[in-house]
Amino acid sequence: MARIGEHREVDVRGRRRRGVLALALALAAATAACSDPRSVSGDARPGRSPSGSPAGDTSAARPTTAPSLPAPPVTLDEAAKALAGVLGADGVLGAATPHLDADRRLMREQTRDGQEALTVAAFNGSTGALPSYTWGTPELLVPRGQDGPLWFAAIVDRREPSGGVRTAVLTLMRSPGEDWRLSSTSLLDEGTRPPEITKDADGYATSLGEDDATVAISPRLMAPLHATSAEEGERGFAAGLIEKSPHTTGFADEIAKRRRDGKSACLGYDSIFAASSYPVHALRTTDGGALVVYSLIRTTTRSVKIDPCASDARIPPDARKLTTESFIREELRTVETQLYVSTVPAKDSGRPARVIGYLGGLTKVIVS
């Protein structure tokens, strides 16, 4: 599976997105500036110590012991077993010969969210078995404290059928009453090493909330800012916030070129990005920043502008796998699911966020 292993309207949409992002960032900054717990609780008023005793009075001082850490909702052992189960099932089912519908159904049941969308698309685009991968020894990233559906991440090497090895960042989730499922897979860019994750004495990671204000970009805003960078490029609202790369400003350059090329072929071209509705997860890194896992949806439209000038416009090969059509009659619309992992520096570091991993593909094709 991509497995475990439109121009006025666009301008208006872009200005609206920038306004929303600017407001969200301003609110986040204001919240951080007003979050001193002493001013809220009133404990640290003049003349008194934070404990409530008069300043300088040590009579109330008592030896204290460090509070015990709360029990993690997901243990390291449970995470290891869940990951081994998902990867093992994928290997067995993926290599099954002949490849039966039941095998595909079971493989799909191992996934959810963006990973499921990519898996289903891979099935629809191929009648044969999907590539089979082998996996190395994982580094488990299990947050001690977390809310909502349980989750954990893992960093593990994935060996391709060709023999090449890529480092993957996997996210698994479990909703009440369900088994563990693979939510996302992102492959780190060649030559990129994963960041060091902060862990406590027992080996558990620290998760960050979606609106965490200790990092340069809160996890919730990483996807929409990335989408802005991909659409508007180096002159956009997100310039300087996210490092230039093929995954960010590179998309904007590609879109501009395809628009120019389309004119000579009497084809209109537009491509927009948006944050998906899939989960966002973040873990604290040892430099005070965060590792953030999120996803984008890219919608691309190719339209025949002058007929019959573009009447013989063929559907691109990657889209042809998901449709029985061979030519664009009036319009071709493709939807791509993109799974990302990025590093975000600590607040006030002066450094941009950086996209370090990606996996994606077409998940829907509409011909009209």
Side-chain angles (χ1 to χ4, degrees), residues 4 24 28 31-32 35 37 66-87 110-116 138-156 168-186 194-224 226 275-296 339-347 353 356-357:
I4 312 182
T31 301
S35 60
S68 60
L69 296 173
V74 181
T75 66
L76 290 168
D77 285 344
E78 180 183 359
K81 291 177 181 178
L83 180 61
V86 169
L87 297 183
Q110 301 289 318
T111 63
R112 55 173 288 163
D113 306 319
Q115 192 71 47
E116 182 179 14
E139 177 189 359
L140 295 174
L141 308 175
V142 185
R144 180 179 290 277
Q146 51 181 296
D147 297 317
L150 299 177
W151 70 280
F152 68 90
I155 300 174
V156 58
V169 177
L170 313 179
T171 305
L172 279 74
M173 294 184 65
R174 189 185 71 187
S175 295
E178 295 184 354
D179 294 328
W180 285 100
R181 299 184 180 189
L182 184 66
S183 176
S184 72
T185 300
S186 297
E196 293 291 330
I197 303 298
T198 299
K199 297 179 181 178
D200 61 25
D202 297 324
Y204 290 92
T206 300
S207 62
L208 278 67
E210 290 192 2
D211 295 309
D212 191 283
T214 65
V215 289
I217 301 173
S218 67
R220 180 175 61 85
L221 291 179
M222 187 61 206
H226 187 164
S276 78
S277 60
Y278 300 135
V280 175
H281 294 120
L283 294 169
R284 179 74 70 191
T285 54
T286 55
D287 61 359
L291 179 75
V292 185
V293 178
Y294 59 97
S295 52
L296 299 180
L339 311 181
Y340 286 103
V341 58
S342 295
T343 55
V344 179
K347 189 175 182 178
I356 63 172

When you measure from the side chain of Asp202 to the backbone N and O of Tyr204, does any donor-acceptor pair fall under 3.5 Å? no

Once rounded to the nearest 0.5 Å, what's the spacing between atom CG of Asp113 and atom CE of Met173? 6.0 Å

Hey, can you tell me if Trp151 and His281 have their rings parallel, tilted or perpendicular (30° and 60° cut-offs)? parallel

Quick one: salt bridge (charged side-chain N to carboxylate O under 4.0 Å, His left out) pairs with a partner in residues 68-78, sequence neighbours left out? Glu78-Arg174

Are the side chains of Thr343 and Thr285 in contact, using a 4.5 Å heavy-atom criterion? no

Report yes if some heavy atom in the side chain of Ser175 is under 4.5 Å from a heavy atom in the side chain of Arg112; otherwise report no. yes

CG-NZ distance between Leu141 and Lys199, expressed to the nearest 0.5 angstrom: 5.5 Å

Side-chain donor/acceptor of Gln146 to backbone N/O of Pro73, under 3.5 Å: no

Measure the spacing between CG of Leu170 and CG of Leu87 and express it to the nearest 0.5 Å. 6.5 Å

Atom CG of Asp179 with >12 non-hydrogen neighbours under 6.0 angstrom: no

Just by distance, do the side chain of Arg284 and the backbone of Leu208 share a donor-acceptor pair under 3.5 Å? no

Can you measure from CG (Leu83) to CH2 (Trp180) and round to the nearest 0.5 angstrom? 10.5 Å

Just by modelled atom types, is the Gln115 backbone N or O under 3.5 Å from a matching donor or acceptor in the Ser184 side chain? no

Before you tell me yes or no, could you show the steps for Val280 and Met222 under side-chain contact (heavy atoms from CB on, under 4.5 Å), namely the whole-Å CA-CA distance, both residues' side-chain angles and the distance that decides it to 0.1 Å? CA-CA 9 Å; Val280 175; Met222 187 61 206; over 6 Å; no

Would you say the side-chain atoms of Gln110 pair up with the backbone N or O of Leu182, donor to acceptor, closer than 3.5 Å? no

For the NE2 atom of His226 and the CD1 atom of Ile217, what is their distance to the nearest 0.5 Å? 10.5 Å

Sidechain-backbone polar pair: Ser207 side chain, Gly145 backbone, donor-acceptor under 3.5 Å: yes

